[in-house]
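One structure is given below, encoded as structure tokens.
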Amino acid sequence: MLFDDVVPDFRGDGGCVEKVSKSGLDVLAHNIETVEELQSFVRDHRANFKQSLDVLRMAKEYAPAGTLTKTSVMLGCGETPDQVVKTMEKVRAAGVDVMTFGQYMRPSKRHMPVAEYVTPDAFERYRLLGMEMVMVSSLFSSFIS
């Protein structure tokens with residue numbers, strides 16, 4: 001069993017990120033929610049893509065070896081496939097270990113409508129691309145070692 005905690009961005013406060021990162025978690029999760037281009041439409045105005053990536057980078061830096069970092073992205077908010085791929089690349093470059101995708105579902109009429117229902121085939125393409133990114137990254141790391 002792994003202890004997984006989803007944390008806020010702490011408004012970028014490194015001290016808070018450090019404290020949680022060193023608390024004994026197995027997995028520290030912070031969700032970037034959507035692609036960079038849609039952040040201001042989807043997320044609270046106090047949150048942003050760069051701040052979220054910085055939190056994930058800091059968590060990786062502060063946490064004991066073996067602690068995993070994880071983020072999640074909602075699809076179906078109006079993002080393009082190219083934006084999703086760019087997001088995957090940025091998350092990987094930040095050292096995040098696990099990235100999950102889910103279909104955005106409008107919780108109420110007061111919330112943003114669903115722009116698209118993403119097909120299982122599209123989810124599978126993103127999964128395969130993610131696996132390829134991990135393999136290439138691992139091969140490159142082995143090559144330069």
Side-chain angles (χ1 to χ4, degrees), residues 1-118 122-138 140-142 144-145:
M1 179 174 2
L2 297 177
F3 183 63
D4 180 337
D5 192 15
V6 181
V7 300
D9 65 12
F10 301 111
R11 295 192 180 171
D13 183 332
C16 291
V17 176
E18 181 176 13
K19 186 177 283 189
V20 172
S21 298
K22 293 180 175 178
S23 68
L25 302 169
D26 296 303
V27 181
L28 187 142
H30 172 67
N31 297 332
I32 59 172
E33 305 293 354
T34 189
V35 298
E36 187 169 14
E37 296 83 355
L38 296 179
Q39 292 281 311
S40 62
F41 303 107
V42 174
R43 296 180 78 187
D44 182 282
H45 69 279
R46 295 167 291 184
N48 66 71
F49 190 81
K50 180 187 178 315
Q51 185 165 284
S52 288
L53 277 185
D54 287 346
V55 164
L56 291 160
R57 276 190 199 97
M58 285 187 279
K60 199 67 175 165
E61 177 185 326
Y62 294 134
T67 304
L68 299 175
T69 52
K70 178 176 108 176
T71 195
S72 296
V73 173
M74 297 179 293
L75 300 179
C77 299
E79 67 286 330
T80 67
D82 285 343
Q83 290 170 334
V84 174
V85 171
K86 276 183 16 188
T87 299
M88 293 172 72
E89 290 168 346
K90 289 177 180 181
V91 166
R92 185 69 187 147
V96 177
D97 300 298
V98 179
M99 184 174 190
T100 65
F101 295 102
Q103 171 66 51
Y104 169 68
M105 301 297 287
R106 185 180 192 183
S108 76
K109 290 185 181 206
R110 293 181 297 130
H111 290 84
M112 174 184 85
V114 174
E116 171 190 19
Y117 289 98
V118 180
F123 277 103
E124 179 64 7
R125 283 193 301 275
Y126 293 135
R127 185 187 73 78
L128 292 173
L129 178 60
M131 297 302 289
E132 183 180 308
M133 287 176 164
V134 170
M135 292 296 289
V136 168
S137 175
S138 296
F140 182 72
S141 295
S142 296
I144 62 172
S145 298

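All residue numbers in this chain count up from 1 along the given sequence. Source: prediction; values computed, not measured.
- For residues 93-116, every residue pair satisfying the salt bridge (charged side-chain N to carboxylate O under 4.0 Å, His left out) rule, not counting sequence neighbours, is listed here: Lys60-Asp97.
- A donor-acceptor distance shorter than 3.5 angstrom exists from the side chain of Gln39 to the backbone of Thr34, with no hydrogens or angles considered.
- Sorted by first and then second residue, the ring-ring contact (aromatic ring centres under 6.0 Å, His included) pairs involving residues 63-106 (not counting sequence neighbours) are Phe101-Tyr126.
- In Phe123, the CZ atom is crowded: over 12 heavy atoms of neighbouring residues, nucleotides or ligands sit closer than 6.0 Å.
- Residue Val20 comes nearest to Leu25 through the heavy atom pair O-CD1, 3.6 Å, listed as atom of the first residue, atom of the second, then distance.
- The nearest pair of heavy atoms linking Asn31 to Ser52 is O-OG, 4.3 Å.
- Looking at Thr87, its side chain never comes within 3.5 Å of a backbone N or O of Val35 through a donor-acceptor pair.
- Panel note: side chain Thr71, backbone Met99; no donor-acceptor pair is recorded below 3.5 Å.
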Check residues 2-14 and write down every donor-acceptor pair under 3.5 Å in which the side-chain atom is one partner and the other belongs to a residue at least two apart or another chain.
from  : atom 1 : to    : atom 2 : distance (Å)
Asp4  : OD2    : Lys70 : NZ     : 3.0
Asp9  : OD1    : Arg11 : N      : 2.8
Asp9  : OD2    : Gln51 : NE2    : 2.7
Asp13 : OD1    : Gly15 : N      : 2.8
Asp13 : OD1    : Cys16 : N      : 3.3

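- When all heavy atoms of Ser21 and Ala59 are compared, the closest pair comes out as OG-CA, 3.3 Å.
- Here the straight-line distance linking atom CZ of Arg43 with atom CZ of Phe49 works out to 9.0 Å at 0.5 Å rounding.
- Within the 4.5 Å cutoff, no side-chain heavy atoms of Val73 are placed close to those of Val91.
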